[in-house]
Every structure is written in structure tokens, then in C-alpha cells.
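Notes follow once the structure below has been shown.
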Amino acid sequence: MVVLAKGELEQIAHPAVQRAAPPLAAVPEVDLAEAAARAAVARAVAAACEEHGFFKVTGHGVPAALLARVEAAAAAFFALPQREKDAAKVAPGGSPFGYASKRIGGNGDIGWVEYLLLGVTAAGAAATVALPGAPLSASAEESLASPCCFRDLLNEYIAAVRRMTCEVLELMAEGLNLDEKDVFTRLVLDKDSDSMLRVNHYPPRPELKQLGHDRLTGFGEHTDPQIISVLRSNDTSGLEISLRDGSWVSVPSDKDSFFINVGDALQVLTNGRFRSVRHRVMVNSARPRVSVIFFGGPPPREMLAPLPGLVGEGASRRYREFTWTEYKTSAYRTKLAENRLCYFETAATS
Ligand code: GA4
């Protein structure tokens, strides 16, 4: 359960600009099943990454039944008594992983959200977080058809989504005309890849209308540090993205599709050609929003820098070279809304 303490309402409901929902976004769509038109699909992927850093994927091949089972199991997890969810908590201080409510990161950010954050290894969700062992499916019929527990189900989901993520990353490399088509996928498929899975539950907005607050911040504005984020939600909207001109638009929910975000690391690798998209989740619905996000990250020791093929002749690198560990250490010291890439820019950027 998410309960607001005194003073917290001001943090998640204050700015007047957040009162009215922004206009709907015209989200670029890419159909992965259009195999015959691969070059055109790759170009569309690259164009969307350049313009918005964000697009929707249809024809993704992840079975609808798996999506439905994960959504039901996630809803069932968040409906558990608080003490059972707390069993998935990791001791405060060190790890960002485990169950948490309201608190985002370690630097004072809060939102109208509770979540599970899991490290992902080559084999699936890392074992550091204790997850409920019993079936979480709603009906007996469903339990028979589903894997034994939440972890197994999430692992099945991670495997399917990671495959699809790699298809998208390959299309990005093709759309950029890079010779090495696996330049991004190899990072996410590396046995040491620092990937994560986040399961978010945004409970319905509490009755705050009388206080003049229609929209609460579920997850404040930020960019994702990784290479790529792949999001799937139930059919409750709330996700908003920031366009190049700084205006915000709301993304209509689509439970049958995935939404792709370019992350900071990919902005660096592409020398700023792809845009790490600023986004947030606002809560103004009487229905809960449940989203599951796979973050594809590089291995900790990986050196990140603009790819030579993407630094045009006579052009300069906009970012210096750094390791993923260096970037993450710096990122985890920041507040959610901060620009994290500015510490890694070269003089050419300004
Ligand atoms: C944003 C993307 C992912 O959700 C996340 C977040 C992480 C966290 O929740 O612990 C961070 C945030 C995210 C960026 C800056 C730091 C770290 C909270 C925060 C204030 C898991 C990630 O990798 O970076």
C-alpha cells in the first residue's frame, strides 16, 4: 500500500503545470513482423530514435498469453498483505533492488508508486530478492497453465523480451548503417550485462480533488541511464514523454504493444544522434496502472564512447570515454530529474 505522510503530498502534487493532462502523443509505430520491408523498418526505427528517442513496437512475437499472465501475477503480488511484499525488501543502504513503496532511488525522490526492482543475469531475475514461491495466478485454471511461481514467470518474460529487445537493437544498428550489426546486442547479451527488470504498480489516485490536485506524480521526470528500456503496461495510461521543444505529451496506453525508450548510454554510443527520452508517469486515474520494464544495460567494465562510425569526418565526439560503472556510480548520486550526461560531455557539446 502507498500511504502519504505529511509533507509528501507537496512533493508529488505541487506544480501547477501538472494540473492539466498534456495532449496525446503521435507515437511512431514499428511493426517487427514486417519482415519483407526490413530496410524500411530499420530506417523507421532510427528515425524514431533520432526524433523522439521513443516508439511503439507491434508484431513483437511475445505471446499475448504471457503478457496477460505477467500482468495478473504482478497485480496479485501488489495485492498481497504488506508484510509479504516487505519480505522482498532488501536491507536499506546498499542495493537498489527489491520491493519499495514511494521511495525512488536513494536521494529523496518519491512518487505515487510501489515497485519491485530486480537485477537480471543471463539466467533471468537475480536470486538476491526473495519473491513469493506460491502461484500468484488468479484462478486455479490459470495456475495449472502457468509456471510454478512469480520468479519462473518473470524469467520466461525476461527471456522473451530480451530476444525482442535484441531484434530492435539490431534494427537500430542497421538503421544507422553500421557495419557491425551486433554492436548494441552484444552488450545486452554479454554474460555480465547489467540489465534490470522493474515492475511498477501505480495505485488509483486517492481522492485529492478537494485539495485541487488532479494529477499526482507517479514517477517523476527522468531519462533512463541504460542502453534501452522496453516497457509494457496494462491498459491504464499515465506515461508522458517530453518532445524536443520541451513540451509534454501523453502516450495512449496499449497493452498489446511494447514501448521502447532510448537510454543515456545509447545517446552516448550514437554521439547524440539518438535521443535519450525524458519521460514521467502521472497518476490521475481511478484504475491502477501496472507496468513492467526491461532495462538493457552494458557490462560494468564496458568502455562507452561515441562509435567511430557515428562521428562524422571532421566532427567531434560529444562525450568522453567512460565505463558503465563510472556512469552508474555518478547516476546513483543524482536526483531523478537531473541531467546525468552533462558530466561526460566534451567541450564539443556546448
Ligand atoms: C531510472 C531508470 C530505472 O528505473 C532505474 C532508476 C534508479 C532507481 O530507481 O533506483 C534511479 C533512476 C533510474 C536514475 C537516477 C537514480 C537511479 C533512481 C535515481 C534517483 C532502476 C535506473 O537504473 O535509473
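Note that ligands are numbered from 1 as they come in the structure, with each ligand's atoms numbered from 1 the same way.
In this structure, Y319 has its ring center at least 6.0 angstrom away from the ring center of F344.
With a 4.0 Å cut-off on non-hydrogen atoms, N107 does not touch ligand 1 at all. Counting heavy atoms closer than 4.0 Å to ligand 1, residue P225 contributes side-chain atoms (C-beta onward) but none from N, CA, C or O.
For the residues E338, H222, R340, R103, the heavy atom positioned nearest atom 15 (C) of ligand 1 is part of R340. With atom 6 (C) of ligand 1 as the reference point, the heavy atom nearest to it among R198, K335, H279 is part of R198.
Close contacts of ligand 1 with M196, meaning ligand atoms under 4.0 Å from a residue heavy atom, involve 21 (C), 23 (O). Those atoms of ligand 1 with a heavy atom of L336 less than 4.0 angstrom away are 12 (C), 20 (C). Each of the following atoms of ligand 1 lies closer than 4.0 Å to a heavy atom of L117: 21 (C).
Note: Y99 and F77 have perpendicular aromatic rings, judged against thresholds of 30 and 60 degrees for the angle between ring planes. Ring geometry, H222 versus H279: the interplanar angle falls from 30° to 60°, so the pair is classed tilted.
Counting only heavy atoms of the protein, atom 3 (C) of ligand 1 lies nearest to F295 CZ, 3.5 Å. The shortest contact between atom 20 (C) of ligand 1 and any protein heavy atom is with T334 O, 3.4 Å. The closest protein non-hydrogen atom to atom 16 (C) of ligand 1 is A331 O, 3.7 Å. Of the protein's non-hydrogen atoms, the one nearest atom 2 (C) of ligand 1 is D224 OD1, 3.4 Å. Protein heavy atom at the shortest distance from atom 23 (O) of ligand 1 is Q226 NE2, 2.8 Å. Protein heavy atom closest to atom 18 (C) of ligand 1, with residue, atom name and distance, is G105 CA, 3.6 Å. Of all protein heavy atoms, the one lying nearest to atom 7 (C) of ligand 1 is Y332 OH, 3.7 Å.
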Next item on the list: Give the C-alpha distance, both sets of side-chain angles, the deciding distance and a yes or no for ring pair (Phe, Tyr, Trp, His ring centres under 6.0 Å) between F54 and F259.
Entry: CA-CA 7 Å; F54 185 82; F259 291 94; 5.7 Å; yes
Notebook entry, point to check: How far apart are the C-alpha atoms of R69 and E156, what are their side-chain angles, what is the distance that settles it, and do they pass the salt bridge (charged side-chain N to carboxylate O under 4.0 Å, His left out) test?
Noted result: CA-CA 11 Å; R69 267 164 39 217; E156 193 179 330; 3.3 Å; yes
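In this structure the side chain of P299 never reaches within 4.5 angstrom of the side chain of D194, judged on heavy atoms.
Considering every non-hydrogen atom in both A88 and V129, the closest pair reads O-CG1, 3.4 Å.
Residue R244 qualifies as enclosed at atom CZ: its count of foreign heavy atoms under 6.0 Å is above 12. Annotation for R333: atom CZ does not count as buried by contact number, only 12 or fewer foreign heavy atoms lying within 6.0 Å.
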